[in-house]
Every structure is written in structure tokens, then in C-alpha cells.
2 protein chains.
Amino acid sequence: MELDALPPDRRAALKARHRRAILDAAKALITEGPAARFSVDQLAERADVSRRTIFNHFASIDDVTTTVCSEVLGVVIDHFRQVVTTEPVGPGTRAAAFATLTEALRVTDVPGLLAFLWRALGGLDKGDPRPRQIFQATFSRITTELARELSERNADLDPLEAELLVSSLMHGTEVIAEHWLAATGAATDEPARVLWNELLDRLIDSVRTGYRSLD
Amino acid sequence: MELDALPPDRRAALKARHRRAILDAAKALITEGPAARFSVDQLAERADVSRRTIFNHFASIDDVTTTVCSEVLGVVIDHFRQVVTTEPVGPGTRAAAFATLTEALRVTDVPGLLAFLWRALGGLDKGDPRPRQIFQATFSRITTELARELSERNADLDPLEAELLVSSLMHGTEVIAEHWLAATGAATDEPARVLWNELLDRLIDSVRTGYRSLD
DNA sequence: TGCACTCGGTGCAACGATGCACTTAGTGTA
DNA sequence: TACACTAAGTGCATCGTTGCACCGAGTGCA
């Protein structure tokens with residue numbers, strides 16, 4: 001009937017379930033924003049787990065935060081990549097790859113990711129260099145993964161060419177992301193969405209113009 | 001907001017939850033009948049608990065079954081008692097108490113309880129004396145609890161009188177219960193229900209006649 | 001300046017769950 | 001009779017969780 005619904009090792013399964021509960025609770029708390037104070041005790045209560053257990057799974061509260069951020073980022077990246085792999089990429093032309101990437105950028109919920117990271121890290125404008133580092137690491141990760149994806153999917157596209165194309169788009173996205181965050185404070189309302197689309201349009205135009213001048 | 005959803009002692013809460021899972025799984029397995037074989041491994045799988053854990057909570061498999069039976073019995077008794085306490089009992093007359101008790105007997109799902117016990121214990125006709133002992137203990141428990149209930153609710157009714165009244169009804173119920181089990185094999189179909197009602201009518205008539213002759 | 005208070009983090013012992021090897025008893029089969 | 005097989009039950013070491021006392025840094029306040 002049902003084949004090993006639980007792997008033979010209940011111990012590991014339960015441990016994993018606890019880790020999951022902690023991460024889910026952390027994600028929920030961050031999503032709820034500053035209203036729900038993000039403390040160890042809050043986290044423990046939400047995850048239905050002892051306070052001590054959190055420190056059995058994670059080295060620190062920051063460890064929890066960055067892990068959650070990484071997971072959320074992973075989801076967005078997966079969605080982004082799915083769009084890229086779904087879109088038909090023309091045979092080897094930079095223009096086709098460019099179109100695919102920009103389309104993916106438009107469709108993906110980048111502001112949502114930015115808002116989550118913003119809330120998780122408490123903004124960019126503090127003395128703490130950690131948030132900006134995580135943002136940069138985030139974009140770096142997206143860049144490399146997407147470049148590999150692109151060149152794998154399209155043998156005619158030079159790997160270096162792909163990386164340069166993705167890189168220019170991603171670094172540009174990073175620039176407008178910081179601009180958007182500074183301007184909106186990671187708001188999720190309509191004006192913020194509009195501003196994001198405007199910034200994205202300007203970025204795409206800029207990159208397209210630059211590339212066209214090279215043709 | 002939410003006040004101690006979990007008592008401060010998570011350890012005890014989790015332990016109780018495991019015990020509950022085992023008992024619920026046992027109840028489900030018994031209810032499903034002989035199709036679902038009632039073994040320790042089955043029980044452990046259903047309760048999502050290690051096989052060893054079952055023996056941490058219960059001394060034996062029989063311990064589990066009798067505990068479950070006791071719980072199911074408790075539910076029925078509670079229902080029974082609720083009917084008794086709800087029905088208006090006249091001031092001190094045996095007739096009023098008798099009416100209340102018989103009404104409760106008619107309303108309560110005695111055949112359902114009997115069927116569950118029957119399945120849990122594997123019938124009465126084996127060399128094992130345990131099933132019959134449990135049945136007798138069951139009725140004994142109902143008898144004493146109900147007698148106390150009756151005399152508490154009605155100060156004009158002599159306690160001994162109450163116990164004698166309840167006792168005669170309950171022992172009669174025990175008699176027709178064994179008869180019903182032997183005849184139907186604890187079936188849950190319509191003929192079995194009809195037979196039960198007929199037996200119950202004959203019992204009530206018999207007791208009523210006997211009591212009337214004492215007036 | 002001193003004091004109370006909060007919160008992140010640690011050390012440690014106790015506890016319950018688990019896996020596993022093992023024994024024992026019952027049952028069917030060659 | 002001997003053997004295989006199944007299922008109940010036990011002993012024991014191991015593991016993850018938990019509660020608790022405790023520490024140290026930061027913060028608000030008199």
C-alpha cells in the first residue's frame with residue numbers, strides 16, 4: 001500500500017521536521033513584518049519547539065535568518081529559471097537570449113523577494129554591512145546560475161557571452177533594487193510596483209542600447 | 001493573545017500526544033474490523049510511532065485494547081448519564097426514575113458499544129475468559145455510576161432503592177447483550193438493530209412487571 | 001553612576017523516543 | 001520431529017529534545 005511514508009529513521013525525520021518548523025515560523029514572522037517581533041522566544045513559540053532546540057539546529061538567530069533568506073531566494077530563482085527554460089530561445093543570437101532574460105525579469109516577483117530580504121535584514125541603511133553583503137551575494141548567485149543555464153540551453157551562445165549578458169542585466173537589477181529600496185522602503189503597494197516597473201524598463205532600455213551599439 | 005497553548009512542560013505534552021496517537025490508532029484499527037490486522041507493527045505504523053514506544057506507554061497489547069475499550073465505554077457512559085441528568089426526574093418515585101433510565105437505555109447506542117467491544121476482544125465464545133470479564137466489569141461500572149447519579153439527583157429516592165433499580169436493569173441489559181451478541185455476531189445492520197430493540201422491550205417489560213408486582 | 005530588565009547564547013543533566021538485537025511462544029509445514 | 005516463520009515483549013545504548021541555571025551585552029531609567 002503505502003511504501004515507507006517515513007524513512008526507516010524516525011529520529012532523522014523528526015529532526016528534519018523540527019528544523020522545517022523553525023524555518024517556516026521564521027519565514028512567517030519575517031513576512032508579518034515588524035508587528036510580530038522577531039525574537040528567539042517568539043520563534044520557539046511559533047515553531048512549537050523549545051527555545052533550546054533552535055540553538056541545536058542553528059548556530060545563531062542570524063543563522064536562521066540567512067537560511068530562510070536563502071530558501072526564499074531559492075524559490076524565486078527556481079521560478080526565474082523555469083521561465084527562462086520555458087521561453088523558446090532562438091538559435092544562438094544574443095537578441096533572443098536577451099529577450100528571454102528580460103521577459104523572465106518582468107515576470108518574476110523581484111520586489112517581493114526584495115521586500116522579504118529587506119524585512120529580514122532590517123534595511124540597508126544601518127552600520128551593519130551584513131545586509132548589503134547578503135544582497136550582493138544574492139545577485140551574484142542569481143547571475144552565475146542563470147549564465148550557466150543560458151549557455152547550457154543554447155550551445156550556439158558563447159558561455160562568456162552569456163555570462164556577460166546576464167551579468168550586465170543582474171548588476172543593473174542590483175542597482176535599481178537598491179534605488180527602489182531606498183525610495184520605497186520595500187513597500188508592497190501599487191506605487192511601489194509602478195516604480196519598480198519603471199526602473200526595470202529604464203534598465204532594460206539601457207542595456208539594450210548598450211548592446212545594440214556593439215552590433 | 002494565546003495563553004499557554006502548550007503547558008510549560010513540552011515533554012509531558014508530547015508524551016501525552018503519543019499516547020493519544022496510539023489509542024486513536026488502536027480505536028481506528030478495531031473499528032475497521034478484522035480486515036485491518038491488529039498487530040503491534042500495524043499499530044505503530046498507524047500511530048506514527050516507534051514500535052518500542054508502544055511498550056513504553058503500555059505494558060502489553062492487551063493493555064492497549066482494554067484502555068481503548070474503557071475509553072469508548074466512558075464516552076457511552078457519559079452520553080447515557082447526560083440523558084439521565086437531562087430527563088426530568090420526578091420527586092422520589094421509583095416510576096419516574098424507571099422511566100428516565102429506560103428512556104436513556106433506548107436512546108444510547110448500546111449495540112455500537114457492544115460491537116466495538118466484540119471486535120476488540122474477538123468475541124465471547126473462545127476459551128479466553130477475559131472478554132466476558134471485561135463485559136461484566138463494563139456493566140458493573142455502568143451500574144454503580146448510574147446508581148450514584150440517580151440517588152444524587154433525587155434526594156427522595158433511597159440510595160439502595162436506586163441501586164437495586166439500576167442493577168436489575170443493567171443485569172438484564174447484560175443478559176440481552178450476550179444474547180444479542182450470540183445471535184447477531186455484533187452485526188451493525190438493520191435486523192440486528194431491530195432485534196436489539198425487541199430484546200430491550202422485553203427486558204423493560206419484564207422489569208416493569210416485576211416492580212409493579214411489588215407495589 | 002548604578003540598577004533593573006531584556007535578549008541572545010551556553011552548559012548540563014534528565015527524559016522520552018528510537019533502533020536493534022534478543023528471547024519466547026505459537027503455528028504451519030516438510 | 002525438526003525447521004521456518006511470525007509476532008509479542010525486553011534490555012540497552014544512543015539520540016534529540018527539553019528545562020533550567022547561568023553568563024554577557026545592550027538598553028532604559030533614576
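Each chain gets a letter, A, B and so on, in the order the sequences are listed, and its residues count up from 1. Quick caveat, the model's predicted, so the values are computed rather than measured.
- Here B:H18 does not reach the OP1 or OP2 of C:dG16: none of its side-chain N or O atoms lies under 4.0 Å away.
- Rounded to whole Å, the distance from CD on B:E45 to C1' on C:dG19 is 17 Å.
- Side chain of B:I61, nearest nucleotide from C:dG8, D:dG16, D:dG9: D:dG9.
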Which pairs of donor and acceptor atoms, one on a side chain in residues 185-199 of chain A, lie under 3.5 Å apart (sequence neighbours left out)?
unit_1	atom_1	unit_2	atom_2	d
A:D189	OD1	A:A192	N	3.3
A:R193	NH1	A:D109	OD1	3.1
A:N197	ND2	A:R193	O	3.4

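- The distance between atom CD1 of B:I54 and atom C1' of D:dT10, rounded to the nearest whole Å, is 15 Å.
- Rounded to whole angstrom, the span from the CZ atom of B:F55 across to the P atom of D:dC12 amounts to 17 Å.
- Taking the side-chain hydrogen bond (donor to acceptor under 3.5 Å, both in side chains) definition, one finds that B:D24 meets it with B:R20, sequence neighbours left out.
- Screening residues 26-42 of chain A for side-chain hydrogen bond (donor to acceptor under 3.5 Å, both in side chains) gives A:E32-A:R46 as the qualifying pairs, with residues at least two apart or on separate chains.
- A salt bridge does not link A:R202 with A:D205: none of the charged nitrogens is closer than 4.0 Å to a carboxylate oxygen.
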Show every donor-acceptor pair shorter than 3.5 Å between a side-chain atom in residues 161-168 of chain A and any protein atom, with sequence neighbours excluded, or say none if there are none.
unit_1	atom_1	unit_2	atom_2	d
A:E161	OE2	A:R94	NE	3.4
A:E161	OE2	A:R94	NH1	2.9
A:S167	OG	A:H171	ND1	3.2
A:S168	OG	A:L164	O	3.3
A:S168	OG	A:L165	O	2.7

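- Between the side chain of B:R10 and the base of D:dT17, no donor-acceptor pair of N or O atoms lies under 3.5 Å.
- As a whole-Å value, the separation of B:K15 NZ from D:dG19 P is 14 Å.
- For A:R52, the side-chain hydrogen bond (donor to acceptor under 3.5 Å, both in side chains) test picks out A:N56, with sequence neighbours left out.
- Here C:dT18 is the nucleotide among C:dT18, C:dG16, D:dT10 with the atom lying nearest to any side-chain atom of B:N56.
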Between protein and nucleotides 4-7 of chain C, what N or O pairs are separated by less than 3.5 Å?
unit_1	atom_1	unit_2	atom_2	d
C:dC7	OP1	A:R37	NH2	2.7

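- With DNA chain C read from its 5' end, the first of the two nearest nucleotides for A:A59 and B:H57 is the one closest to A:A59.
- The residue among A:L14 and A:F58 whose nearest nucleotide of DNA chain C lies closer to the 5′ end is A:F58.
- With hydrogens and angles ignored, no donor-acceptor pair closer than 3.5 Å exists between the side chain of B:R52 and the base of C:dG16.
- Across D:dT17, D:dG9, C:dT18, the shortest atom-to-atom separation from the side chain of A:T53 is found for D:dT17.
- Separating the CZ atom of A:R11 from the P atom of C:dT18 is a distance of 8 Å, rounded to the nearest angstrom.
- The distance between atom CD of B:Q42 and atom P of D:dT6, rounded to the nearest whole Å, is 15 Å.
- The side-chain contact (heavy atoms from CB on, under 4.5 Å) with A:I61 is formed by just one residue from the set A:L43, A:T66, A:I54; it is A:L43.
- Atom CD1 in A:I22 sits about 13 Å away from atom P in C:dG9, given to the nearest Å.
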